[in-house]
Amino acid sequence: MNGTWRLSWHGVRTVAALELRQRVRSTRWIVALVVWFVVVGAITALTTGALGTLTGQDTSPLHRGPLLFFVVTFLVLGLGLLVTPTLSSTAVNGDRAAGTLATVQVTLLTPAEIATGKLLGAFAAATAFLVASLPFYGLAMAMGGTRVLTLVSVVVVTAVILASVCGMGIGFSALTARTAGSTVLTFLGVSALAVFTLVFFGLTLPANTSQEQVRVWGVSPSSASSALASDATTSVTSPTCEWRVETRPVVHTERTWWLLAANPFVVVSDASAVPQQDLRSVTSPFAAIREEIRTARAGATGVSNECWGPIGQAALPTEGPRPSTVPVWPWGLAFSVLLGAAGYVTAVRRLRVPQRTLPRGVRVA
């Protein structure tokens with residue numbers, strides 16, 4: 001056991017250098033990096049032009065900068081979740097099929113050093129795509145409205161998520177005999193986090209909805225009748241509101257909020273370190289997503305403010321429930337890291353020699 005998990009910087013660096021050298025020699029990786037830069041740059045340019053057209057003469061950086069930064073962040077994260085599985089899902093079974101894994105396993109390198117080196121190699125390749133996107137982050141920052149802390153938090157969390165995907169890919173690569181199988185499983189794992197969590201959350205809403213009594217702060221019937229009977233010459237006054245209790249369908253999102261917390265896009269949005277803002281004055285989509293996920297975690301409050309007048313929504317007569325300030329992203333990020341760690345441990349265990357059992361038609365190395 002000690003020999004299996006022993007780590008040394010020399011061994012890890014040797015394996016990582018071999019992985020990177022193979023990728024640099026491959027023209028496909030370089031072409032993919034160039035295509036990445038062109039695609040992200042083209043979409044960023046189109047988004048910048050669209051924002052300029054939509055905002056017109058409004059030169060406020062609070063509108064263009066945060067919106068462009070949001071688009072670039074989600075674009076980089078989405079493309080990264082598509083590219084990263086291809087960088088790690090064939091790390092073990094690809095070398096085994098090529099007959100090069102045996103040369104590494106018969107050396108003094110331990111299984112942990114081999115798995116760690118391959119993980120670092122795949123993560124370095126994925127980081128190259130992230131670094132290639134930094135100029136477009138810089139463009140969004142130059143438009144104003146986005147803090148440096150937001151940039152740092154978004155890039156760091158994105159890198160951790162990509163590293164977790166690399167760990168998942170290496171685990172599936174060591175677990176399956178064929179490269180096609182490990183690639184499909186890795187993509188399914190990424191899809192489960194990025195897409196299926198949203199689908200499952202939506203499908204569970206009817207099951208978590210029940211008829212309950214809700215306290216409503218709304219316009220009184222007499223005030224509403226007076227407003228309807230008044231003509232255009234009547235002066236506009238604030239509505240008269242009162243408390244009433246009604247039976248309404250209430251959705252208990254506090255039971256399934258964890259499905260959204262596992263989504264990488266929600267994790268990045270909640271960890272974006274944008275200032276705490278009210279939804280009515282929000283200027284960044286990150287803040288809107290953060291407020292929604294934290295509200296879903298808090299669940300139904302049993303109070304509804306429906307006191308609307310000529311100047312908008314009136315305040316509650318008493319202090320109502322405040323938006324939750326408890327962050328959700330640590331739970332989602334920890335879950336992603338746990339999946340990556342599980343894949344890494346699986347790879348280490350499968351790289352041990354001799355193996356007790358092997359799939360049919362698979363060599364020892």
Side-chain angles (χ1 to χ4, degrees), residues 1-26 28-29 83-128 159-190 192-193 334-365:
M1 186 68 177
N2 293 333
T4 300
W5 294 97
R6 188 182 70 249
L7 283 173
S8 67
W9 171 242
H10 176 73
V12 173
R13 183 183 60 182
T14 300
V15 179
L18 290 174
E19 290 288 316
L20 291 176
R21 191 175 294 114
Q22 291 177 359
R23 297 183 188 279
V24 171
R25 290 176 179 175
S26 175
R28 291 181 300 176
W29 182 75
V83 172
T84 304
T86 63
L87 301 175
S88 60
S89 59
T90 60
V92 177
N93 51 15
D95 288 355
R96 180 179 286 120
T100 58
L101 185 61
T103 306
V104 178
Q105 286 183 293
V106 297
T107 62
L108 297 179
L109 294 172
T110 65
E113 291 174 341
I114 298 174
T116 305
K118 289 183 175 295
L119 177 62
L120 290 180
F123 176 64
T127 305
V160 173
I161 292 176
L162 296 183
S164 302
V165 175
C166 290
M168 294 170 54
I170 290 178
F172 285 125
S173 177
L175 195 62
T176 59
R178 300 186 180 277
T179 56
S182 58
T183 302
V184 170
L185 289 176
T186 307
F187 273 114
L188 285 177
V190 172
L193 293 176
F335 182 70
S336 297
V337 172
L338 182 62
L339 293 178
Y344 169 77
V345 172
T346 301
V348 173
R349 294 177 63 88
R350 296 286 293 183
L351 285 171
R352 291 184 301 180
V353 288
Q355 284 283 345
R356 294 183 179 179
T357 58
L358 286 174
R360 180 177 298 178
V362 177
R363 296 175 294 182
V364 174

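Position 1 is the first residue of the sequence, and the numbers go up from there.
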Handout entry: Student check: side-chain heavy atoms of T107 and T14 closer than 4.5 Å
Key = no

Handout entry: Minimum heavy-atom distance A347-A174, with the two atoms named
Key = CA-CB, 3.6 Å

Problem - Spatial distance of atom CD1 (I161) from atom CG (L193) [nearest 0.5 Å] - result: 9.0 Å

Problem - Partner residues of T183 under the side-chain contact (heavy atoms from CB on, under 4.5 Å) criterion, sequence neighbours left out - result: S89, T90, F187

Completion exercise
The single option from L120, L119, T110 that satisfies side chain to side chain contact (heavy atoms under 4.5 Å, CB included) with V12 is L120

Completion exercise
The single option from T103, V104, I114, T100 that satisfies side chain to side chain contact (heavy atoms under 4.5 Å, CB included) with D95 is T100

Problem - Side chains of T116 and Y344 in contact at under 4.5 Å (non-hydrogen atoms) - result: yes

Problem - Atom pair CG/CH2 of L20 and W29 - distance to nearest 0.5 Å - result: 7.5 Å

Completion exercise
Nearest heavy-atom contact between T176 and S182 is OG1-CB, 3.1 Å

Handout entry: Over all atoms of both residues, closest heavy-atom pair of T186 and P85
Key = CG2-CB, 3.5 Å

Practice task
Indicate the atoms forming the closest heavy-atom contact of V348 with A115, along with that distance.
Solution key: CG2-CB, 3.6 Å

Practice task
Measure the CZ-CH2 distance between R352 and W5 for me, rounded to the nearest 0.5 Å.
Solution key: 8.5 Å

Problem - Spacing of T346 atom OG1 and I170 atom CD1 [to the nearest 0.5 Å] - result: 11.0 Å

Exercise for the section: Please tell me if the side chains of R6 and L108 come closer than 4.5 Å, counting only heavy atoms from C-beta onward. Expected result: no

Handout entry: Euclidean distance, S336 OG relative to M168 CE, rounded to 0.5 Å
Key = 8.0 Å

Exercise for the section: Indicate yes or no: at least one non-hydrogen side-chain atom of L87 is less than 4.5 angstrom from one of C166. Expected result: no

Fill in the blank from the handout: Contacts satisfying side chain to side chain donor-acceptor pair (under 3.5 Å) that involve residues 159-175 (not counting sequence neighbours) are N93-S173

Exercise for the section: Sort and list the pairs that fulfil salt bridge (charged side-chain N to carboxylate O under 4.0 Å, His left out) and have at least one residue in residues 105-114, not counting sequence neighbours. Expected result: none

Exercise for the section: Would you check if T127 and L162 make a side-chain contact, meaning some heavy-atom pair closer than 4.5 Å? Expected result: no

